[in-house]
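Data first, discussion second: the structure below is written as structure tokens.
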Amino acid sequence: MSDARWYVIHTYSGYENKVASSIEKAVENRGLQELISEVRVPTETVVEIKDNKRKEVERKVFPGYVMVKMEMTDESWYVVRNIRGVTGFVGPGSKPVPLTEDEVSRLGVEIKEIVVNFQVGDSVRVVAGYLDGFIGVVDSIEPENNIVRVTVSMMGKDVPVELELDQVETLD
């Protein structure tokens with residue numbers, strides 16, 4: 001399953017959930033779990049106010065689109081392409097183009113769980129971004145916001161910086 005990437009499928013509007021369940025059924029019936037691992041219809045919860053009443057509603061983030069994590073082969077392409085309601089893959093012509101890692105994380109398709117193995121007061125090394133290689137001390141951690149505040153020494157001055165949790169690692 002190492003070659004599995006996220007692809008975007010265009011569907012008739014309103015058919016997203018039906019297409020997703022049809023793909024899952026086809027995968028199960030044909031035993032293609034090693035080729036097609038996940039099917040998602042990205043949704044978000046929004047609050048609508050109607051007649052002065054607040055109501056939480058699940059809304060599709062991209063109406064008319066379904067995300068599929070799959071290994072692109074002739075067989076997997078054929079199965080997905082021939083599901084009722086699928087109009088095609090997103091990409092130039094008939095060539096499906098997978099989402100980049102950056103697009104996957106920005107779209108929130110795949111939530112990576114970050115294990116925080118440091119705590120306030122620990123020394124950490126910055127491993128990504130413009131401060132890559134700097135060493136600092138953890139001031140605060142906000143796992144729910146994916147933020148760690150670190151004080152780094154730059155040109156003799158202590159500078160507080162905000163980084164993402166996966167941009168730092170503990171010193172060995």
Side-chain angles (χ1 to χ4, degrees), residues 1-48 54-119 122 124-129 132 141-148 162-170 172:
M1 193 55 161
S2 58
D3 294 335
R5 306 276 304 272
W6 282 99
Y7 292 87
V8 181
I9 298 166
H10 192 265
T11 68
Y12 294 125
S13 193
Y15 278 74
E16 301 89 353
N17 294 333
K18 180 122 180 72
V19 165
S21 65
S22 296
I23 292 171
E24 288 167 347
K25 227 174 263 162
V27 166
E28 200 174 302
N29 292 343
R30 295 175 181 228
L32 298 174
Q33 290 85 349
E34 67 281 345
L35 290 179
I36 302 172
S37 61
E38 280 185 71
V39 182
R40 290 223 181 113
V41 178
T43 58
E44 63 184 351
T45 305
V46 292
V47 175
E48 286 184 354
R54 292 172 59 89
K55 189 173 146 189
E56 286 194 356
V57 182
E58 192 89 345
R59 189 171 66 189
K60 291 178 183 74
V61 180
F62 307 110
Y65 294 95
V66 174
M67 312 280 197
V68 179
K69 187 171 189 176
M70 61 188 276
E71 194 173 313
M72 188 57 70
T73 65
D74 288 345
E75 185 179 16
S76 63
W77 179 89
Y78 181 83
V79 167
V80 172
R81 186 66 189 86
N82 288 294
I83 294 288
R84 186 182 184 143
V86 171
T87 58
F89 282 90
V90 172
S94 61
K95 187 178 185 333
V97 176
L99 294 172
T100 64
E101 288 297 316
D102 188 39
E103 289 168 331
V104 169
S105 68
R106 270 197 329 234
L107 294 173
V109 177
E110 212 168 47
I111 295 13
K112 290 183 181 160
E113 193 171 307
I114 298 167
V115 178
V116 178
N117 57 357
F118 48 83
Q119 48 197 340
D122 285 357
V124 292
R125 175 182 290 111
V126 180
V127 293
D132 191 1
I141 304 168
E142 294 179 29
E144 64 282 354
N145 297 325
N146 192 30
I147 291 175
V148 60
E162 252 186 29
L163 300 164
E164 291 183 9
L165 293 172
D166 62 352
Q167 288 183 300
V168 298
E169 65 182 21
T170 55
D172 294 330

Exercise. Under 6.0 Å from the CZ atom of F118, do we count more than 12 heavy atoms belonging to anything else shown?
Worked result: yes
Problem set entry | Close side-chain approach of I9 to M67, heavy-atom, < 4.5 Å | no
Exercise. Heavy-atom distance under 4.5 Å between the side chains of L35 and E75, does that happen here?
Worked result: yes
Exercise. Is the shortest heavy-atom distance from the side chain of V148 to the side chain of E164 under 4.5 Å?
Worked result: no
Seminar exercise, completed: On a heavy-atom basis, the closest approach of M70 and S76 is CE-OG, 3.2 Å
Problem set entry | Heavy-atom neighbours of E28 CD exceed 12 at 6.0 Å | no
Exercise. For E48, what residues pass the side-chain contact (heavy atoms from CB on, under 4.5 Å) criterion, not counting sequence neighbours?
Worked result: V57
For this session: Examine distances only and state if a side-chain atom of T43 and a backbone atom of R59 form a donor-acceptor pair shorter than 3.5 Å.
Result: no
For this session: Look at atom CG of D74 and say whether more than 12 heavy atoms of other residues, nucleotides or ligands are closer to it than 6.0 Å.
Result: no
Seminar exercise, completed: Shortest non-hydrogen pair, I36 vs I23, comes out as CG2-CG2, 4.3 Å
Problem set entry | Expected output: side-chain N82 to main-chain V79 donor-acceptor under 3.5 Å | no
Exercise. Just wondering, more than 12 heavy atoms not from K60 lying within 6.0 Å of its NZ?
Worked result: yes
Problem set entry | Residue F62 excluded, over 12 heavy atoms near CZ under 6.0 Å | yes
For this session: Please examine the side chains of P98 and M72, heavy atoms only from C-beta on, and report whether any two atoms are closer than 4.5 Å.
Result: no
Problem set entry | Neighbour count above 12 (heavy atom, 6.0 Å) for Q119 CD | no
Problem set entry | Spatial distance of atom CD1 (I147) from atom CG (L165) [nearest 0.5 Å] | 8.5 Å
Problem set entry | Reported CD-to-CD distance for the pair E24 and Q33, which is rounded to 0.5 angstrom | 11.0 Å
For this session: Flag the pair Y15 / R84 as yes when at least one side-chain heavy-atom distance between them is below 4.5 Å, and no otherwise.
Result: no
Exercise. To the nearest 0.5 Å, what is the distance between OG (S37) and CG (L32)?
Worked result: 11.5 Å
Problem set entry | Non-hydrogen atoms of T11 and T87 that approach each other most closely | N-OG1, 3.9 Å
Exercise. Hey, what do you get for OH (Y7) to CD (E71), rounding to the nearest 0.5 Å?
Worked result: 9.0 Å
For this session: Answer whether the closest heavy-atom distance between the side chains of V90 and V97 falls below 4.5 Å.
Result: no
Exercise. A26 and I83: which non-hydrogen atoms are nearest, and at how many Å?
Worked result: CB-CD1, 4.0 Å
Problem set entry | Atom pair CD/CD of Q167 and E162 - distance to nearest 0.5 Å | 11.0 Å
For this session: Mind telling me whether F89 and W77 have parallel, tilted or perpendicular rings, with 30° and 60° as the class edges?
Result: parallel
Problem set entry | Interatomic spacing from CD in E56 to CZ in R54 - rounded to 0.5 Å | 8.0 Å
Exercise. Looking only at heavy atoms, which two atoms of V19 and G85 are closest? And how far apart?
Worked result: CG2-C, 3.9 Å
Problem set entry | For T100 against R5, the heavy-atom pair lying closest together | CA-NH2, 4.4 Å
